[in-house]
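Structure, as structure tokens:
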Amino acid sequence: MKLIAHVIDGHHVDIRPAPVERDWMEATNQRYAYRCLPLNIANAYGWEVLWNAGFLAMWNGKTTNDALIIQADPGTTAPAVSHFGHGILTFHLPCLFRTEPGAELMVQGPINRPKDGIAALSGIIETDWSPYSFTMNWMFTPAGHAGPLREGRAVLPYLSCELRRAGEAGA
């Protein structure tokens, strides 16, 4: 499948193949978790878009947009905003992804790399026709949880998938 990322003028996007390594797998006795082939295949599946700056985010539990406190690292701009309220952290991707007809992208959190207190929300992007960029959203799971989000970490892994509509899937 052919995939093109058209970056919006004046922006920079770091994209890399998904790495197979996971901190928690490295920490298992004799790196035993790497002996599970399905985990290894899933880890390295797709690509990752990386955050371009570090920041601290915390949700106070309220539903308003200002209930999410976002503090950029010194000298940087936070790559995320509170767009929906309700503890949802939104990353605007400064690029337009294009795929061949009949293919689209599934975006989700980093595979087999859970983050404490925040969960990625998944989406299907109709990249074979849509003329728009999209956002990647993360939901804080407990109010009051604060965590640093380090520069260079994956904000969204994306995977290619075939276009399927309701009623077209096999039994």
Side-chain angles (χ1 to χ4, degrees), residues 3-19 21-25 27 42-43 45-99 104-161 165-166:
L3 175 66
I4 300 171
H6 298 281
V7 180
I8 296 170
D9 289 342
H11 290 85
H12 175 77
V13 177
D14 288 321
I15 300 174
R16 71 175 182 198
E21 297 82 10
R22 298 293 182 269
D23 291 343
W24 72 268
M25 292 175 77
N43 289 354
Y45 195 74
W47 303 270
E48 295 180 338
V49 175
L50 308 180
W51 292 321
N52 59 10
F55 63 100
L56 180 71
M58 186 176 92
W59 177 45
N60 69 15
K62 296 181 182 174
T63 60
T64 58
N65 283 9
D66 63 355
L68 191 58
I69 310 304
I70 302 168
Q71 183 179 25
D73 285 353
T76 69
T77 301
V81 298
S82 178
H83 183 71
F84 297 105
H86 298 271
I88 307 295
L89 186 65
T90 299
F91 292 83
H92 291 274
L93 280 285
C95 56
L96 173 68
F97 286 93
R98 276 278 176 245
T99 53
E104 49 196 18
L105 292 181
M106 178 175 179
V107 297
Q108 62 185 38
I111 296 171
N112 296 326
R113 200 180 313 140
K115 295 191 181 306
D116 185 37
I118 191 167
L121 303 177
S122 300
I124 301 292
I125 313 302
E126 297 171 304
T127 49
D128 62 338
W129 71 267
S130 179
Y132 305 106
S133 62
F134 61 94
T135 62
M136 178 62 192
N137 299 288
W138 290 71
M139 176 185 280
F140 278 88
T141 51
H145 180 82
L149 301 161
R150 304 278 181 230
E151 177 181 357
R153 298 295 174 100
V155 64
L156 91 111
Y158 56 93
L159 316 168
S160 61
C161 59
R165 300 284 181 230

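Remember, predicted model here, so these are calculated numbers, not experimental data. By convention here, the first residue in the shown sequence is residue 1. The analysis underlying the following values was restricted to heavy atoms, covering all of them including side chains, and did not include hydrogens, waters or symmetry mates.
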One pair to check against side chain to side chain contact (heavy atoms under 4.5 Å, CB included): Thr99 and Ile125. What are the steps and the verdict?
CA-CA 10 Å; Thr99 53; Ile125 313 302; over 6 Å; no
Side chain to side chain contact (heavy atoms under 4.5 Å, CB included) assessment of Phe91 paired with Val49:
CA-CA 11 Å; Phe91 292 83; Val49 175; over 6 Å; no
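Asn43 meets the side chain to side chain donor-acceptor pair (under 3.5 Å) test with Asn112; sequence neighbours excluded. A search for side chain to side chain contact (heavy atoms under 4.5 Å, CB included) contacts involving Ser133 returns nothing, not counting sequence neighbours. Every residue two or more places apart in sequence or in another chain that forms a side chain to side chain contact (heavy atoms under 4.5 Å, CB included) with Ala72 is listed here: Thr76, Ala78. Under the side chain to side chain contact (heavy atoms under 4.5 Å, CB included) criterion, Leu121 pairs with Ile88, Asn137, Met139, not counting sequence neighbours. For Pro19, the side chain to side chain contact (heavy atoms under 4.5 Å, CB included) partners at least two apart in sequence or on another chain are Arg16, Glu21, Arg22, Glu48, Arg113.
Between Val13 and Pro94 the shortest heavy-atom distance is CG2-CG, 3.6 Å. The nearest pair of heavy atoms linking Phe55 to Ala80 is CZ-CB, 4.0 Å. Contact detail for Gly87 and Trp59: the closest heavy-atom pair is N-NE1, 3.3 Å. Residues Val107 and Met136 share a closest heavy-atom pair of CG2-SD, 4.2 Å. Closest approach of Ala120 to Trp138, counting heavy atoms only: N-CE3, 3.4 Å. Between Pro142 and Gly117, the closest heavy-atom pair is CD-O, 3.4 Å.
Within the structure, no pair that satisfies the side chain to side chain donor-acceptor pair (under 3.5 Å) test touches residues 77-89, not counting sequence neighbours.
Here the straight-line distance linking atom OG1 of Thr63 with atom CG of Leu68 works out to 12.5 Å at 0.5 Å rounding. Taken from OG1 in Thr141 to CG in Asp116, the straight-line distance is 7.0 Å, to the nearest 0.5 Å. Atom CZ in Phe140 sits 5.5 Å away from atom CG in Leu89 (nearest 0.5 Å). Separating the OH atom in Tyr132 from the CD atom in Glu126 is a distance of 12.5 Å, to the nearest 0.5 Å.
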Donor-acceptor contacts under 3.5 Å from residues 3-12 side chains, at least two apart:
residue	atom	partner	partner atom	Å
His11	ND1	Asp9	O	3.3
His12	NE2	Asp14	OD1	2.6

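Judged by distance alone, with hydrogens and angles left aside, the side-chain atoms of Thr135 form no donor-acceptor pair with the main-chain N or O of His92 at under 3.5 Å.
With contacts defined as side-chain heavy-atom distances shorter than 4.5 Å, the pair Ile15/Phe97 qualifies.
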